[in-house]
There are 2 protein chains.
Amino acid sequence: MSASGVRARVRAEMTEEIKAVARRHLATDGANLSLRAVARDMGMASSAVYRYFASRDELLTALIIDAYNSVGETAENAATGDNALARFLSLTHAVRDWALADPHQWALIYGSPVPGYQAPQDTVGPATRVILLIADVVKTAYENGDIADRRPITGRFAEEFAAVAERYSPGAPPRLVAASLSAFVQMSGAISAELFGQLSNSVDEDRRGFFEYQMRGAAYLIGWE
Amino acid sequence: MSASGVRARVRAEMTEEIKAVARRHLATDGANLSLRAVARDMGMASSAVYRYFASRDELLTALIIDAYNSVGETAENAATGDNALARFLSLTHAVRDWALADPHQWALIYGSPVPGYQAPQDTVGPATRVILLIADVVKTAYENGDIADRRPITGRFAEEFAAVAERYSPGAPPRLVAASLSAFVQMSGAISAELFGQLSNSVDEDRRGFFEYQMRGAAYLIGWE
DNA sequence: AGGAAAGCAAGAGCACTGCTCTCGTTATGG
DNA sequence: CCATAACGAGAGCAGTGCTCTTGCTTTCCT
């Protein structure tokens, strides 16, 4: 019976629960969480977990994809505001808040790659959501004429960006694509620096303010203000 | 006999060799390198390694300190040029080159922190060499009048930076300290993004050019050009 | 309805890990 | 010269990822 399949439903629930427990372990053990410990927490034999994830790496991959989607969705929902600059600042703050709320998930996707782990193709889509969102906000602003001129870029990398610009937003200046990607890099770099302890003893009180300062710098280089 | 002590000399050599072998393993296993494997490579029992490092974490700490000093020294030696901007660009390129030559050492010090590992106090000194170097280059430029005005900073974090500025470089505007730290964050973020695969499929040919573009952006926000 | 096939959970087992403890050996220093 | 400290090796403990076998249950097809 059951066109949906009872077993399939149970399987989906189990899969989800394993991921949930694994996410909890992520907070204490980071990327080298123990599959056996996860199984123990669920009251099942470690070998049973392998029915759901072929290896620890596959579990990690699932967590990585979920994390990318989670932060991507958060950013998309936060990209609101009267003008494009407000949307940009809002979304970057949302990403930072997401990272602060769960530093280990952030480390999982934006920290150093797990040794020996090779990210499969399934992760590239979710991984690009935030940068594409930034690019979209910038593109809209540009088409509305809200982007001031900045120095054009030259050199080989300018041609690479010209190709990207032509594909995603014909007519947009290549330097705008470069500045957008640079803004994304600044954002993730600022968050990682804060989370990974690089700011200790210099900015301890108002890290949010310093983050916004940096994002406004990135916004200026894009062409806002 | 031996005022220096034969045993002490041998011990120092052994310590250094263990670190060297461990650094090799770092390239394949990352931060969760195997102490036993290191011992095996050296033809000794794993328990013997504990005569030199009380734990795996202590070995990692030694590697971390060495890495900080190595990149710091590299940056210091590269901070040459006719003007301060040239020195800044040169040192950032040197840091990037250092990271590209040994990504795993970079990940060790600027990547996600090893779970359960708490960096001891010995690491903070070496860890600050690069940022202090940048601050020094900027300070010199400011005192020579080579730094253009930029928008002042406000808010609570501005007071924090004012305190830092007063201590390190009395008279220097707080926003300059903020911009210097931001430049450092941009640098490490740009390198990490490149090394950790965040730039795939957008900048594949001329990553050096894109890096310099970003560093020139940071330089502009400091007040160069 | 009945039987084959597939899914599932558990346990034992392998090779590995960090780390501790004990045991002989060797160099150091009073 | 001899007690002491440093040293290397080995065994052992508890843990790891992963595989394989064994029994049971659900699903699917004829």
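No experiment lies behind these values; they were computed from the predicted model shown. Here is the naming used below: chain letters follow the sequence lines, and residue numbers restart at 1 for every chain.
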Inter- and intrachain pairs under ring-ring contact (aromatic ring centres under 6.0 Å, His included), touching residues 41-71 of chain B, at least two apart: B/Tyr68-B/Tyr110
Distance below 4.0 Å between B/Arg11 side-chain N/O and D/dC7 OP1 or OP2: yes
Which atom of B/Pro174 lies closest to which atom of B/Ala158, heavy atoms considered: CB-O, 4.0 Å
salt_bridge(A/Arg156, A/Glu159) N-O dist < 4.0 Å: no
Residues from residues 17-30 of chain A lying under 4.0 Å of DNA chain D - heavy atoms: none
Between C/dG7 (C1') and A/Arg9 (CZ): distance, integer Å: 18 Å
Atom pair distance, as rounded to whole Å: CG in A/Leu59 and C1' in D/dC18: 14 Å
Per-nucleotide protein contact string for nucleotides 14-25 of chain C, where B marks a base within reach and S marks sugar-phosphate only (heavy atoms under 4.0 Å, - for neither): ---BBBBB----
Other residues, nucleotides, ligands: >12 heavy atoms within 6.0 Å of A/Tyr117 OH: yes
NZ/NE/NH1/NH2 to OD/OE distance under 4.0 Å, A/Arg23 and A/Asp102: no
Within the 6.0 Å centroid threshold, strictly below: B/Phe157 and A/Phe211: no
A/Arg208, CZ atom: more than 12 neighbouring heavy atoms under 6.0 Å: no
Salt bridge B/Arg216-B/Glu212, side-chain N to carboxylate O under 4.0 Å: yes
Sugar-phosphate only, base, or nothing, as touched by A/Tyr52 at under 4.0 Å among non-hydrogen atoms: sugar-phosphate
Nearest-angstrom distance from the residue atom CE of B/Met42 to P of D/dA9: 10 Å
